[in-house]
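I have placed the structure first, in the form of structure tokens, so that the comments after it can refer back to it.
Here is how names work: the chains are called A, B, and so on, in the same order as the sequence lines, proteins then strands, and each is numbered from 1.
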Amino acid sequence: MSSKSTPATPEGGIETSQGSSNPLSRKLNKILETRLENDKDALEALKALSTFFTDNNLRSRRKLRGDIERRSLAISEQFADAFSVVTDQLDSINQDVEAMNNSCQDMTKRLELARDQTSDLINKTTDLQKEGQRLDMRARVADAFLAKYQLKPEEARVLRGTRDGQLQENFFHSLTRIKQIHNDCKVLLRTNQQTAGLEIMESMALHQETAYERLYRWTQGECRSMTGDSFEVTLLHCKAMEALQDRPVLFRYALDEFGTARRTAMVRGFIDALTRGGRGGTPRPIELHSHDPMRYVGDMLAWLHQASASEKEHLDALLRLASAQSREEEIQEILSHITEGICRPFKVRVEQVIVAEPGPVLLYKLTNIHKFYRYTIGQLLSKEASLLATLEEMEEFAQKVFFNALNVKASKLVDKVELPPADLGPTGSLTQTLSLLREILTSHDSSVVSMDTRQADFAKILGCVLDPLLQMCSLSASKLNPSDMAAYMINCLYAMQTTLSLYEYTDQRLEMLEAQVDAHVDTLVNEQASFVLTRVGLLQIYSIAQQHLTTEGPLSSVHGMDSSSVRDGINRFDSFLGSPDSFTMPQIKLLHSTTVREKIHKRAVALICSAYELLHTAINHPANDYTEPGSIVKRTPDQIKSLVS
Amino acid sequence: MRISQVARDRNLIKFPQPYKEETPYKERDFEPKVRDACLANKTGTVGLQVSKVIVVGDVSVGKTCLVNRFCHEVFDRDYKATIGVDFEVERFDVLGIPFNLQLWDTAGQERFKCIAAAYYRGAHVVVIVFDMRESYTLDHAKRWYQESLLENSHDPHIFLVGTKRDLCESHEEVQKVEEAAMEVAREIKAEYWSVSSLSGQNVEEFFNRLAGITFNASVLKALDDLEAKSASRQIAIAQSSENRIKLTPDDIDGGPGYKNKKAGCCN
């Protein structure tokens with residue numbers, strides 16, 4: 001405002017313009033040139049002046065300057081006052097900033113100091129961090145290693161087992177782990193971690209040993225307790241046996257233990273079945289039937305069969321997982337051991353039955369039933385099993401006693417020969433023996449023995465019975481005359497034939513009997529022919545005619561061969577032709593077999609016809625010098641033949 | 001009376017030779033006719049035919065042992081009297097043709113003579129056995145010969161067999177016995193053999209010879225019959241020797257004495 005006021009003072013301006021080369025003019029010009037309306041400052045200043053310059057008078061005009069100056073001073077003072085506050089504030093700010101600056105500097109200094117001090121530490125930390133990472137890595141590797149090559153505490157605990165010695169399900173898992181680790185160690189051994197490998201192997205082996213020992217103890221205990229009638233082979237047992245396979249000795253021992261337990265169990269079961277029967281008395285005790293040998297022995301054998309079969313099943317179940325190799329041999333061995341115990345009690349009883357001599361038929365049935373069961377049980381057990389040996393022994397024993405009984409009977413037959421009865425039929429002892437034989441052979445039919453043994457048996461039995469029978473017949477026949485003997489023998493042989501013909505494998509015997517019958521038939525045929533000729537008185541005539549030779553002269557001149565004697569004979573022969581049946585020998589009528597009777601009859605008739613033919617030829621022969629041969633022998637041989645046949 | 005179960009191979013291809021050169025049976029080979037027929041397999045029913053052999057002789061000369069040695073290849077030292085008769089069938093294969101020998105081993109004991117005699121009939125071969133150590137058994141051979149022939153009107157082959165050769169102490173003894181035996185053999189027209197059932201010496205050879213001769217004869221007969229049949233279909237019954245009534249002295253005597261006499265002989 002001061003600058004404005006300066007030019008605005010008209011006195012000063014005029015003086016200045018007059019002062020310079022015409023300063024006054026310039027000043028004036030300047031004033032003239034001023035355009036107030038364009039000078040806002042001046043307008044403003046005038047406006048402000050208008051506020052306080054109210055009285056336009058001299059005094060006021062004179063005072064104006066002062067006023068304005070005063071006013072300006074006041075304003076300046078105001079100004080100064082206002083600004084002094086600002087200055088104060090600025091001062092305090094300055095102070096503050098300075099203080100801040102100081103403290104900052106201080107801090108920086110301190111920081112620098114600290115940095116100097118910590119840089120070492122930081123280095124160390126970084127190192128440690130790296131170390132830490134490395135170690136972490138190793139720790140993980142070590143963990144993985146441990147996981148692979150060491151047992152978990154849990155597993156180790158399972159292996160050590162509980163106090164009561166029970167086996168847990170995961171025992172076998174641990175055991176496989178051990179085995180696995182043991183195997184994995186071999187990889188270690190191949191690397192340069194040999195020490196570790198060896199050590200781990202060692203410790204695993206140790207673990208394994210204890211585990212196996214524990215397993216064995218457990219299995220042993222379990223096996224020992226398997227003595228009941230009904231026990232269960234659990235999965236745990238099977239697994240135990242499977243695991244024990246790796247220790248053949250322990251495996252064997254465990255099996256033996258099982259065998260011994262079952263053996264006692266079987267013996268006890270047998271005795272129970274014999275004396276107490278099943279639960280609640282059904283089935284009834286076997287010994288209740290001891291009066292019936294077949295049922296008694298049959299029941300015992302059936303029990304043995306069933307027991308052997310279930311023992312085999314138990315064994316198979318026990319070893320069903322232990323299939324690293326074929327266990328058939330071991331199973332058989334243990335089975336023979338199990339069934340061995342039963343042999344004695346069984347044998348004692350069967351022997352008692354056999355020794356009591358229940359008669360040949362029963363003995364034979366006993367032999368066969370033994371044979372059958374020996375075969376049946378033989379499919380379960382091996383050939384070496386002592387049970388089979390016992391069965392065989394009993395079978396042989398029964399057979400021996402059977403044949404002994406037969407032989408005794410047979411030798412009695414020969415010792416006490418009955419005389420042939422008057423009807424020349426088979427004697428009582430023959431029919432009895434034959435019915436016994438029939439009974440024996442029939443019992444064979446119902447047995448289940450193979451064909452080969454059957455044939456051999458038959459041959460032996462027939463030998464045992466038939467030969468003495470034939471001898472007995474021969475002996476008793478030896479006191480008879482030939483015709484009686486032949487008839488008697490034919491009847492006896494016929495009885496044997498009819499008995500034998502019902503059975504198989506008797507062909508050779510039948511053939512032999514047939515041959516013998518034929519021999520005796522020959523005798524009877526001859527006797528019958530002679531009998532007829534004797535009865536009609538032609539025998540002597542026939543024999544002379546037969547032996548006569550033409551060189552000895554005519555037949556009619558021989559003593560007893562004259563025409564009348566011959567005619568008498570031939571006439572009496574007619575009576576035979578009339579009723580041939582009345583000329584049958586009594587012995588032939590006594591023959592039982594009609595076919596044999598007819599055969600003898602036919603052949604005898606043929607013989608008689610040929611005799612007649614011989615006489616006919618002789619008499620008609622001119623050299624024999626018979627007168628009227630036609631009147632002596634009226635009939636031709638052909639006529640005779642048609643008459644009698 | 002065992003029946004041989006084992007079908008052993010008894011094959012005869014060559015004709016078995018006699019024990020001594022001197023024999024009534026001159027065959028040294030099968031008849032050419034027989035051989036041809038066998039090769040052509042035209043033997044007819046020979047295969048089904050059975051030749052019957054009876055073995056007779058004194059008590060305990062070894063008839064059963066001889067038969068058992070041959071049929072079963074066994075020798076039993078214990079003496080067991082045969083009762084009545086024992087029977088064996090031996091199957092042969094002669095020139096490829098099956099041939100059966102029926103061996104009837106009779107009892108030597110007097111009391112069984114009746115029964116044994118019943119089997120003499122129709123024998124094709126009679127084997128008379130004697131004990132080389134007991135000369136009386138050889139003396140009885142003629143009696144056995146006659147008895148066996150009584151029942152056989154057609155001529156059977158006769159063999160005289162001395163047993164227990166192994167018991168003869170020296171070769172000289174054997175020769176001596178054989179000389180005496182040859183004499184008897186000549187008389188009864190038999191072929192002679194010395195055998196030992198204990199050692200089996202000559203047993204097989206003897207029976208083979210027997211089978212050979214019998215087979216030869218039976219095939220020859222069958223062929224002749226066949227020819228005769230084709231020639232004339234008629235066969236006169238009288239011609240067949242089989243169809244004659246055999247007359248025993250008893251029968252001829254006839255009458256009441258007949259029964260008593262028989263009873264006497266059987267005791």
Among A:Ala515, A:Pro637, A:Gly463, which residue has the highest count of heavy-atom pairs closer than 4.5 Å to chain B?
A:Ala515
Check whether B:Phe75 forms a cation-pi arrangement with B:Arg69 (NZ or CZ under 6.0 Å from the six-membered ring centre, at most 45° off the ring normal).
no
For the atom pair CD (A:Gln528) and NE2 (A:His601), what is the distance rounded to the nearest 0.5 Å?
8.0 Å
At a heavy-atom separation under 4.5 Å, does A:Ala486 approach chain B through its side chain, its backbone, both, or neither?
neither
Checking A:Val414 against chain B: side chain, backbone, both or neither under 4.5 Å from a heavy atom?
side chain
Tell me, please, whether B:Phe70 has B:Arg10 positioned over its six-membered ring: NZ or CZ under 6.0 Å from the ring centre and within 45 degrees of its axis?
yes
Which atoms of A:Met489 are under 4.5 Å from chain B, going by heavy atoms: the side chain, the backbone, both sets, or neither?
side chain
Any salt bridge between A:Lys599 and A:Asp518, counting N to O under 4.0 Å?
yes
